[in-house]
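Data first, discussion second: the structure below is written as structure tokens.
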Amino acid sequence: MYNIEKVMYEKIRFFNDVLIYDILHNKNPEDIYDEFKQFHKNAVWLLESAASEERFGELTRVKTAGTQFLLYALWMVDFNIDAYHKYFNNIKAMSYWLRRNILFDSGFDNPDSWQCIEIDDAKSNPSLAKTFVDPIAYCNHTLTENEYAAEAIREHGVKNLELEELFEIYLKSLNE
């Protein structure tokens, strides 16, 4: 993973950390939502441009792995910031969810590999909520064709890993 990708992941994770902290401490700074949405807009444009075959010729899944990995993380935080915004602004009378994407040895199984927690449950269990700061977590298991991700997550559990280790697992899943 290139340094620019590492720094972008850190910034994506930072936004998730801030919104989870704000939820746990019942704080709602107005600017975090708008700041993230602007960052999201720019990041998506940069990442999609970096993976453009029109600009750079034929690209393989491995060559664009860092870009795709960042888009997966950005996707989760975008969902989370929308839930955060709705939660604090009571836009709808319903439960709101925090999400993270679970990487298996066999790769991502979107959207079935998302793990979710209701914001109210996160508030009542801060230690669990803090595990959602990382938008991508890992399940040490290879999904089979007839296996459900949610069952595998329950059976094998998930854990947060360092970015480099997560990315290496993701690269390995692309080569298999």
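Quick caveat: nothing in here was measured; it's all calculated off a predicted structure.
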Quiz prompt | From CZ (F14) to CG (L19), nearest 0.5 Å | solution = 10.5 Å

Practice problem: Would you confirm whether R100, through its side chain, and T131, through its main-chain N or O, come within 3.5 Å as a donor-acceptor pair? | Solution: yes

Exercise. Indicate, with yes or no, if I153 and L103 share a hydrophobic cluster defined by side-chain heavy-atom contacts under 4.5 Å among Ile, Leu, Val, Met, Phe, Trp and Tyr.
Key: no

Quiz item: Tell me, do Q68 and Y170 make a side-chain contact under 4.5 Å, heavy atoms counted?
Solution: yes

Quiz item: Checking salt bridge (Lys or Arg N to Asp or Glu O under 4.0 Å) for the pair D82/K37: CA distance, chi angles, key distance, verdict?
Solution: CA-CA 9 Å; D82 285 342; K37 287 300 187 175; 3.0 Å; yes

Self-check item: Cluster overlap L47 with F36, hydrophobic side-chain contacts below 4.5 Å
Solution: yes

Practice problem: First locate atom CG of N125, then atom CD of E118, and finally report the distance between them rounded to the nearest 0.5 Å. | Solution: 13.0 Å

Quiz item: Can you tell me how far the CG atom of N80 sits from the CG atom of N16, to the nearest 0.5 Å?
Solution: 5.0 Å

Quiz prompt | Side-chain (D17) to main-chain (R13) donor-acceptor, under 3.5 angstrom | solution = no

Quiz prompt | Nearest heavy-atom neighbours spanning C116 and R99 | solution = SG-CG, 3.7 Å

Exercise. Determine yes or no for a side-chain-to-main-chain donor-acceptor pair under 3.5 angstrom, with T60 supplying the side chain and K63 the backbone.
Key: yes

Quiz item: Between atom CD of E35 and atom NE2 of H40, what is the distance when rounded to the nearest 0.5 Å?
Solution: 14.5 Å

Practice problem: Flag the pair D78 / I81 as yes when at least one side-chain heavy-atom distance between them is below 4.5 Å, and no otherwise. | Solution: yes

Quiz prompt | Check: D105 and I169 side chains under 4.5 Å, non-hydrogen atoms | solution = yes

Exercise. Measure the shortest side-chain to side-chain distance between V44 and L74 over non-hydrogen atoms and say whether it is less than 4.5 angstrom.
Key: yes

Quiz prompt | Minimum heavy-atom distance S106-S173, with the two atoms named | solution = C-CB, 3.6 Å

Self-check item: Ring centers of Y96, Y84 separated by less than 6.0 Å
Solution: no

Self-check item: Set of ring-ring contact (aromatic ring centres under 6.0 Å, His included) partners for F167, sequence neighbours left out
Solution: F69

Self-check item: Reported CD-to-CG distance for the pair E168 and L163, which is rounded to 0.5 angstrom
Solution: 10.0 Å

Quiz prompt | Backbone of A51 reached by a side-chain donor or acceptor of T64 within 3.5 Å | solution = no

Quiz item: Do V18 and L128 share a hydrophobic cluster, counting only Ile, Leu, Val, Met, Phe, Trp and Tyr and linking them when any side-chain heavy atoms are less than 4.5 Å apart?
Solution: yes

Quiz prompt | Where at least one partner belongs to residues 123-153, residue pairs that pass ring-ring contact (aromatic ring centres under 6.0 Å, His included), sequence neighbours excluded | solution = H141-H156

Practice problem: Please answer: with hydrophobic residues joined when any side-chain heavy atoms are less than 4.5 Å apart, are L70 and V133 in the same cluster? | Solution: yes

Quiz item: Mind checking whether Y87 and N28 have side chains closer than 4.5 Å, heavy atoms only?
Solution: no

Quiz item: Which heavy atom in A149 sits nearest to a heavy atom in S113, and how many Å separate them?
Solution: CB-CA, 3.8 Å

Self-check item: Side-chain heavy atoms of I119 within contact of S95, under 4.5 Å
Solution: no

Quiz item: Which atoms form the tightest heavy-atom contact between L98 and A122, and what is the distance?
Solution: CD1-CB, 4.2 Å

Exercise. Can you measure from CZ (R154) to SG (C139) and round to the nearest 0.5 angstrom?
Key: 11.5 Å

Quiz prompt | Enclosure of E53 CD (heavy-atom neighbours >12, cutoff 6.0 Å) | solution = yes

Quiz item: For the residue pair W114 and W75, does the interplanar ring angle fall in the parallel (under 30°), tilted (30 to 60°) or perpendicular (over 60°) class?
Solution: perpendicular

Quiz prompt | Minimum heavy-atom distance R61-L174, with the two atoms named | solution = NH2-CD2, 3.3 Å

Self-check item: Cluster overlap L59 with Y72, hydrophobic side-chain contacts below 4.5 Å
Solution: no

Return a table of donor-acceptor pairs under 3.5 angstrom between the side chains of residues 4-12 and protein atoms on other chains or two or more places apart.
residue : atom : partner : partner atom : Å
E5      : OE1  : Y2      : N            : 2.9

Quiz prompt | Distance-minimising heavy-atom pair for K27 and F88 | solution = O-CZ, 3.1 Å

Quiz prompt | Option from D134, L161, N160 for which side chain to side chain contact (heavy atoms under 4.5 Å, CB included) with L166 holds | solution = L161

Practice problem: Show your working on side chain to side chain contact (heavy atoms under 4.5 Å, CB included) between L24 and K130 and close with a plain yes or no. | Solution: CA-CA 9 Å; L24 293 178; K130 290 174 186 172; 4.2 Å; yes

